[in-house]
Protein chains: 2
Amino acid sequence: MTASIPNHPPEPASERRRPTIHDVARDAGVSKTSVSRYYGRERDLLSDTMIERIEAAIERLGFAPDRIASSLRGRRTGLIGVVVADMRNPYTVDMLHGAEQACRKHGYSLLVCNTGNDDQLERQHLEILHGYSVEGLLINTRGRNAATLAARQDNGLPMVLVDRHIDGLACDMVGLDNDQAVGLSVSHLVDQGYQRLLMITEPVAGISSREARIQAFQHQAQAAGVLAEVHEGLEETLDAAWLAATLEQWLKTSEAPGAIVCANGVITLAVCHALFALLKSPFDQVGLLGIDELAWCALVGPGITTVAQPVGDIGYSAIEALVHRISHTASEPQSLLFPAHLTPRGSTTLNMT
Amino acid sequence: MTASIPNHPPEPASERRRPTIHDVARDAGVSKTSVSRYYGRERDLLSDTMIERIEAAIERLGFAPDRIASSLRGRRTGLIGVVVADMRNPYTVDMLHGAEQACRKHGYSLLVCNTGNDDQLERQHLEILHGYSVEGLLINTRGRNAATLAARQDNGLPMVLVDRHIDGLACDMVGLDNDQAVGLSVSHLVDQGYQRLLMITEPVAGISSREARIQAFQHQAQAAGVLAEVHEGLEETLDAAWLAATLEQWLKTSEAPGAIVCANGVITLAVCHALFALLKSPFDQVGLLGIDELAWCALVGPGITTVAQPVGDIGYSAIEALVHRISHTASEPQSLLFPAHLTPRGSTTLNMT
DNA sequence: ATTGATATTGGGACCGTTCCCAAACAGTAT
DNA sequence: ATACTGTTTGGGAACGGTCCCAATATCAAT
């Protein structure tokens, strides 16, 4: 009579109960506390014998700890919530990629929510993330839910903003040094001989990075003595007709050589489409510079000059900042601004004809 | 003496304990079971009075249920794990976007993991997702961890593959009808008068969608009576020098008009870069067609002809399939293949000069 | 042998829910 | 009244871990 003949049939694999810390303890002939310690930071309390026995049992049973159960009493979910306005925006994509890497490094996992620029959906997502007791929040949204966020923050939830501040929310922020980035742009264009500049942007709608870029643009253009205009789209996704009309109007305003500055990558795409619809060979007649580097910028026309943000680094640092806040006690909110880098291409080479 | 003077000081907001179902029950003067029922599907057991009182208490205390605690006993985490090979790939981005929408609709949240084409990292991520007791898995990876996945599947974890089958894993799959997509491509190119075709692809490495595209390409080119060559990169990210050499070689092989077929969007980008490095005005000398539509394809040269997959729908349907598996008992694995749509542009207009 | 100090180990309450089952409460038929 | 339905309600064990604290073991010093 040996244990090799179980008296109850093995359940079908598909419903086999997953082994618990309890099973491991029994199998190893130790207490569950010891098994728990094996995974936690009290591990060095355990004797070598104990470790061996536990390891063997874990191996035998194929045990893996249940993070859900663990976070209930243990208070650490290992979850970080990300709320982004548009997960298809190339900026967001690269930012998330950086964030994912940092998360992995620190042992966190990402719960990703897309709001599609819908404020109510954003609130809903914040509620869900609250439900999962995320340990921190990474936020890149329109910022219309400052009150909800402030409440969570007061409850002790660490959060870091990406790319933009939110009014009424004293909070860490990681983003671009917009003054420097616009400075690079404007001085490059002026150096190239352009005499009038047009910035196209999405609706500012209180979004700090958009504001900052416009402000910097106007100041620096004025300082450099060139004409500057800013046109702000009516909707978050720029209307093609509006854009075409705006560009056409601006183009025929003057004979002086001019260049367009696109306030971000999405705008660059839209403006390119509009220019090609409007003109046969647009870059012979107008300069173009985009903030945000995109994979295809070198391919269009003579190549589009861009000012690149280190987007991956921004996401990565945002998580680092968040993790720091999670494990350290409160301190003054800080902003971390990265410099941009200009890549000159043909779209800002003025043809002297 | 009233309750308005608490005898213990209120804790700082930042450490205030979050209210529990228990607090709500006490405040409403009902049992915690009733409060629990308020959220669960036994809700209709509750009388109207009860509902009112509970709602009022929830409101007063700002209670929100703790999903972690709830999933411990309740066995439903509401979490779906996604494992993707490359979260920056435009395909992945749009697929995830579709998946996110479907998840929201069904009340699930996404735990996103990026493997960066690293098999070991993939295993690690699978372990993490197992730890969180995700209810299902969405997988778009190289497929080297079939054994690990099969084990999870035997344990009863539902999973759905996206874009590619994995050998040794009997599993639902949602992807592209590659035969149809390649058919569109080849017949379009043949119709345009191209006499020889070159397909560029990443290393096949057992990835089913790549295999399928190559197979279909060779068969259909043969059937149409045009020469066809397939060149497969050496590394997952195509080496620029290798690509340049390959293209140059192919271009000078013959005078007959030829076209390049890029097996996916990432390849299209790489090939464009290579072509522009190689030739002044590439599309005068060679046709180009890309599988996968990209935002910029209309902008490059005369516009690049593409065969678009409905990527968002693919992600959306994958989640729907997964959710179906989660709530229904096992059935035969199914494949859901979407048709592609061709957008002709200038890159496949043969110049008769 | 006795004591004290230190290094390991174990027991059991607890985390915030869900779920099983029994209790309380109708209302209706005897 | 009594019994017998059916509808609501509540009590307490469970879920799988963590953590506090007490228990035991070890060993050197008295």
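The chains referred to below are lettered A, B, ... by the order of the sequence lines, with proteins before strands, and numbering in each begins at 1.
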For [X], which contact category applies under a 4.0 Å heavy-atom criterion: base, sugar-phosphate, or nothing?
{"X": "S36(A)", "value": "base"}
{"X": "I68(B)", "value": "nothing"}
{"X": "V30(B)", "value": "sugar-phosphate"}
{"X": "R67(A)", "value": "nothing"}

Nearest-nucleotide comparison on DNA chain D, the residue closer to the 5′ end among A69(B) and L46(B):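 With A69(B) and L46(B) compared, the 5'-side residue is L46(B).
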5′-ward residue of the pair T33(B)/G40(A) relative to DNA chain D: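 Nearer the 5' end of the strand: T33(B).
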When you measure from the side-chain N and O atoms of [X] to the phosphate of [N], is any distance below 4.0 Å, counting only OP1 and OP2?
{"X": "S70(B)", "N": "dT17(C)", "answer": "no"}
{"X": "S47(B)", "N": "dT7(D)", "answer": "no"}
{"X": "S34(B)", "N": "dG10(D)", "answer": "yes"}

What I want to check is whether an N or O donor and acceptor connect the side chain of [X] with the base of [N] at under 3.5 Å.
{"X": "R75(A)", "N": "dG17(D)", "answer": "no"}
{"X": "R73(B)", "N": "dC19(C)", "answer": "no"}
{"X": "R76(A)", "N": "dG17(D)", "answer": "no"}

Closest to the M50(B) side chain, choosing from dT18(C), dT9(D), dT9(C):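 Of the candidates, dT9(D) comes closest.
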In whole Å, I'd like the distance from the [atom1] atom of [X] to the [atom2] atom of [N].
{"X": "E42(B)", "N": "dT9(D)", "atom1": "CD", "atom2": "P", "answer": "12 Å"}
{"X": "H22(B)", "N": "dG10(D)", "atom1": "NE2", "atom2": "P", "answer": "12 Å"}
{"X": "Y39(A)", "N": "dG16(D)", "atom1": "OH", "atom2": "P", "answer": "15 Å"}
{"X": "R53(A)", "N": "dG10(C)", "atom1": "CZ", "atom2": "C1'", "answer": "13 Å"}
{"X": "R17(A)", "N": "dG17(D)", "atom1": "CZ", "atom2": "C1'", "answer": "13 Å"}
{"X": "L72(B)", "N": "dC15(C)", "atom1": "CG", "atom2": "P", "answer": "14 Å"}
{"X": "R37(B)", "N": "dG11(D)", "atom1": "CZ", "atom2": "C1'", "answer": "11 Å"}
{"X": "R26(B)", "N": "dG10(D)", "atom1": "CZ", "atom2": "P", "answer": "15 Å"}

Please determine whether the number of non-hydrogen atoms from other residues, nucleotides or ligands lying under 6.0 Å from atom [atom1] of [X] exceeds 12.
{"X": "Q334(A)", "atom1": "CD", "value": "no"}
{"X": "D167(A)", "atom1": "CG", "value": "no"}
{"X": "D48(A)", "atom1": "CG", "value": "no"}

Test salt bridge (Lys or Arg N to Asp or Glu O under 4.0 Å) applied to D27(A) and R60(A), R53(A), K32(A), the passing residue: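 So the option named by the test is R60(A).
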Y316(A) side chain to E100(A) side chain, donor-acceptor N/O pair below 3.5 angstrom: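 No, no side-chain donor-acceptor pair sits under 3.5 Å.
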Residue met sooner reading DNA chain C from 5', once L45(A) and K32(A) are mapped to nucleotides: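 Nearest nucleotide further toward 5': that of L45(A).
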Minimum heavy-atom distance between M95(A) and N140(A), given as atom pair plus value: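 For M95(A) and N140(A), the tightest heavy-atom pair comes out as CE-CB, 4.4 Å.
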